[in-house]
Structures are given as structure tokens and as C-alpha cells.
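Proteins get letters first, then strands, A, B, ... in listed order; numbering begins at 1 in each.
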Amino acid sequence: MSEPIVAGVAESDLIETPDRSWLDNAAIATVRALEDADLTLEEVDGVAVAGGDDYMPALLLSEYLDLDEPSFLEGTEIGGSSFEHFCGHVADAMARDRADVVVIAYGSTSRTGSGRDRSLEVDHPVESFVRPTGLFRPPGAYAMAARRHMHEYGTTEEQLAEVAVSTREWAALNPKAEHRDPITVDDVLDSRPIAEPFNMYDCCLVSDGGGAVVLVSEEKARELGVPEISVAGVASTTTHRGDVSEMPDMTTTGAAVTGPKAFKQAGITHDDVDVAQLYDSFTYTALVTLEDLGFCEKGEGGQFVEDGATAPGGELPMNTQGGGLSYCHPGHFGVFVLIEAARQLRGDYTGQRQVDGAEVAVAHGTGGLLSSSSTVVLRREA
Amino acid sequence: MTGDVEDRREEWEGPVPVPNGANADFWAATLEGELLYQRCAECGTSQLYPRAVCTGCGAVDPAFEVSEGTGTVYTYTVCHIPGEPGFKDRTPYVVANVELTEGPRLLALVDCEPDEIEVGAPVGVTFWQVTDEAALPVFELR
């Protein structure tokens, strides 16, 4: 079957964009990603947008960019994993000749914008059970999952902190990362408590910014002569949404389902994976995802990161741009894991920042309150 | 009756439950000191939060039963940042996922000091009445 090719990727300006709206940032990322692919707005025939603090975001971006009758429109909202999820829909559409050039885009002003208006009205029945507890979401929900993981597997706060430390080592190599100064495990443990067991450095940044990925058909990719980075496998699922109480097993995420499916579709094993970009809204998110995708045994994620496997020079370079913990996190980080995976496979970097000879990358999105999981396998074709 | 009901209407500044649909019976019972959960007469599935359908077999409007109001702490967090308006003066406070003796899990405040709680701790329910319409299930360590 034909597979979509990642023809272009880009971010908008990041960290603080006080004079921009989410739509501005999504649009800027889009035109930059098209430029990266040597394509024009005229050639775009599909748009997939999630997040964006508006109703019908795919229509808004299409209008904003004055697209000419796009044939592929996608706005499925499954949180931070939406963009990985879109890759599967784009693949289906391209296999049926429904689109040739699709932009997957995101924009936000999480940092300087007024943020989403949090109505006091309780409109979903589950909210009457959650909001009166005062649970600080999302950190408190992820923290409860982490606490259970510590109870069942002996995972320690020091091991969680290792994720923040190794991610910061990668961020030090990325000029776009917001935080690049080295930190230690003690720095993480001594940072301000947020929702135990999480301290401030266990939690992602809150940034402005946007990102975009341009997927094209194989035919279009040949026309363009871009490096053939293919979407070789995609799978998504969900376990719950409103209340983490509904998570069937609080220490296992949907990645345990989507990982094997995406790997099988791509025809790869873990040994084939050269680089992993795993959503890290919190230190625990990345740790549990490593386990659930099968990069280590269940319950051994703490030891895996403690041994330096994911740090620069490790056997599984992870979040090589610094991740949501140190690079940026405008809300739906999933678009940025795809961008970095593609750049590593293209060999865009030099020195330690570049994972040598990277041919297979795993990009994993997590959304909601550990609620949705989407795994994408990207492969550089010979 | 499965737990005491304390009137906290004067001091409560946090969000309050809004009884509606399948939740209405649950919240009405809290005012009487009863913690309800749904147990399907067709297939035996137990569930919370209340829903119009059984998640096991799809039966409509599964029946409510009265919980003993006991359980154990499945997991918990200590919130140092208030997650909702009206919680600023409470920090740090404990929110737990409580596994009821009957099976379903429920998110709830635990009225204890942060260093007193641990996973697996036995708990029992009490109720804080926060509006004329509902009382919150709040657990205490046993």
C-alpha cells in the first residue's frame, strides 16, 4: 500500500508570541512547513487541525489560508495525540486518491493568551464527581497514575527525575529549547511541589507556539524529490477521558495497544528503532510510554532511564529536541514529536544533536489525562 | 446510612455537584448519608459515575445499590496548587482514587494530613453537604 511521505515540517515562533493568536501560529507553521517541502498554498488539498481554542478549527485554518476547496478535512480532537492519529486518516485518504498534499497543523497561545474560559457550569456528569475534589488537572491526574506505578513497581521519584535530567541534556543541544541549563536529580526533587509525587521540573512547560507537518502522496513526493520519510505504521486508542478513576489499569496506558499495532504494520521490531520521540507532558508520561511501547519490561522504565538509555549517547535517544519538559509545550505537544522524528530521519542536524544513521523513528502522542494514545512509525526509505 | 453528613454550606467555596440525569439519584442519596453505585441486574456489572446505560451489557438505567461506604486508597496525590476556585486556603490537600469494597473506584477528597496517607490504606466515607442539593463523599482514614 502507498504510504504518506513527510515532505515538510516546521514550528512557528515558540515560547512567547504575545501578538499572535493560535490561528496565526498554526498558519505561520503551515507556510513554513510548505516552504520546507518546496510546496505552495495552492497545492494544499487537505487540512487536519486539532487544539486551537475554537470550534471547527480545520475550517478556520482553511479560511485563514484561503485554501481552494480542500477535499480532506480533519478535526478529530483526541488531545495531544491527535496529530499522530491524523496520520492514519491521511494514509487512508491518500490510498483512495482523496488527497495529495495534506497539512497537519497546530497553534496555541497557552502562555500569553487569556487561555480557555473555564466555565463554572458543570456540563458533563463526570465533572460533578471530579471538580468538587479540587484535583489540579492535568498534573494531579498523571500524579495519581505515577503514585500507583511507584506502589506496584517500586519506581522512585529519583527515577522520574532522571527523565527530566536526560531530556535537559538534549535540550542543551537545541537552540530553540526554552531551558538549556543542565539540571540534576536533586534540582528536580528540590523544585516546587505541584501535585505529589510531581515537582515543578516533573511538569512540562507552558508555551505559545505552533507546528505543522506536510504529508504528501508517494507520487507527489517523487515530483518534489524530497527525502522519502514514510508513515509506515499508525495506531490509536483511548482508555478513558473525564476521570482517571475510569482508567482500567492505572499503570498501563493505551500505548500498550497502539505500539504493537503500529510496529506490526510497519514490519519493525524494537531493535530497528533508532530514535524515539515520546510525549512527555510529565516525566512519568515518557517513562510509562517507554514501558508500554515495549522498549523495556513493564515496571522497569525507572531503571531504563536511570541507566541513561534515553540520554545523549544512550541506546534509545529520546526526545532529542528537549521534549515538552525543556523545549516547548504549547498544549498539544503531539505535533512536535512528529516534527523532530522527521528531522532526525532526514539528518538535519550535526554533531551530538544528530542521531547517527537514524532510519526508523517512533513518534508517540498522549492526550487528555493519559487518556488517548497514538503511535506512528516513520521510516526513511532507501 | 453509610456515613455521617456534616453541613459545610457556610464554609465551602469550591465547585459543587450539579444533580442531573443519571446523577440525580446519586446526589439525592448523599444528603441522606448514603453512597450509591450502580449494579446491573442483568449482568452484575458495578459502575460509577452513574450512567444511563450499563457498561457491561448495555442495559438501560442500571439499578442503584447502597455501598457500605468502605474501601481502600488505590492511589492519591497531594495538591500543592489549587485545581479549582475556592481551594486556595486548603493547600496542601489530599485527593485519592478510592476503590470501594463493592468494586468501583471513586475520586474523592480524603480528610487527612498529607503524610498520613498511603496506597492501600483503608478508608470510610463521610459526607460534606455543600449545597441544598448535594453532599460530597469525603473519605477518612480508618
Measuring from F136(A):CZ to E84(B):CD, what's the distance to the nearest 0.5 Å?
->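 Reported to 0.5 Å precision, the distance equals 10.5 Å.
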For chain B, which residues from [range] have at least one heavy atom closer than 4.5 Å to it?
range	result
residues 139-161 of chain A	G140(A), A143(A), M144(A), R147(A), R148(A), H151(A), E152(A)
residues 185-209 of chain A	R192(A), P193(A), I194(A), A195(A), E196(A)
residues 238-246 of chain A	D243(A), V244(A), S245(A), E246(A)

For [X], is it the side chain, the backbone, both or neither that has a heavy atom under 4.5 Å from a heavy atom of chain A?
X	result
A96(B)	backbone
N23(B)	side chain
L109(B)	both

Minimum heavy-atom separation for P15(B) to P132(A), with atom names?
->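 Smallest heavy-atom distance, with atoms named: O-CB, 3.5 Å.
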Counting only heavy atoms not in K261(A), do more than 12 fall under 6.0 Å of its NZ?
-> no
pair F129(A)-L106(B): side-chain heavy atoms closer than 4.5 Å =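 The answer is yes; the side chains approach within 4.5 Å.
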Do the non-hydrogen side-chain atoms of S128(A) and W27(B) ever get within less than 4.5 Å of each other?
->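 Heavy-atom side-chain distance check passes, below 4.5 Å.
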Taking N97(B), L107(B), V95(B) one by one, which has the highest count of heavy-atom pairs under 4.5 Å against chain A?
-> L107(B)
Counting N and O atoms only, with roles assigned by atom type, does the side chain of R105(B) sit under 3.5 Å from a partner on the main chain of P248(A), one being a donor and the other an acceptor?
->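 Yes.
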In residues 85-93 of chain B, what donor-acceptor pairs under 3.5 Å come from side-chain atoms, sequence neighbours left out?
unit_1 : atom_1 : unit_2  : atom_2 : d
T91(B) : OG1    : K88(B)  : O      : 3.2
Y93(B) : OH     : G134(A) : O      : 2.5
Y93(B) : OH     : G83(B)  : N      : 3.1

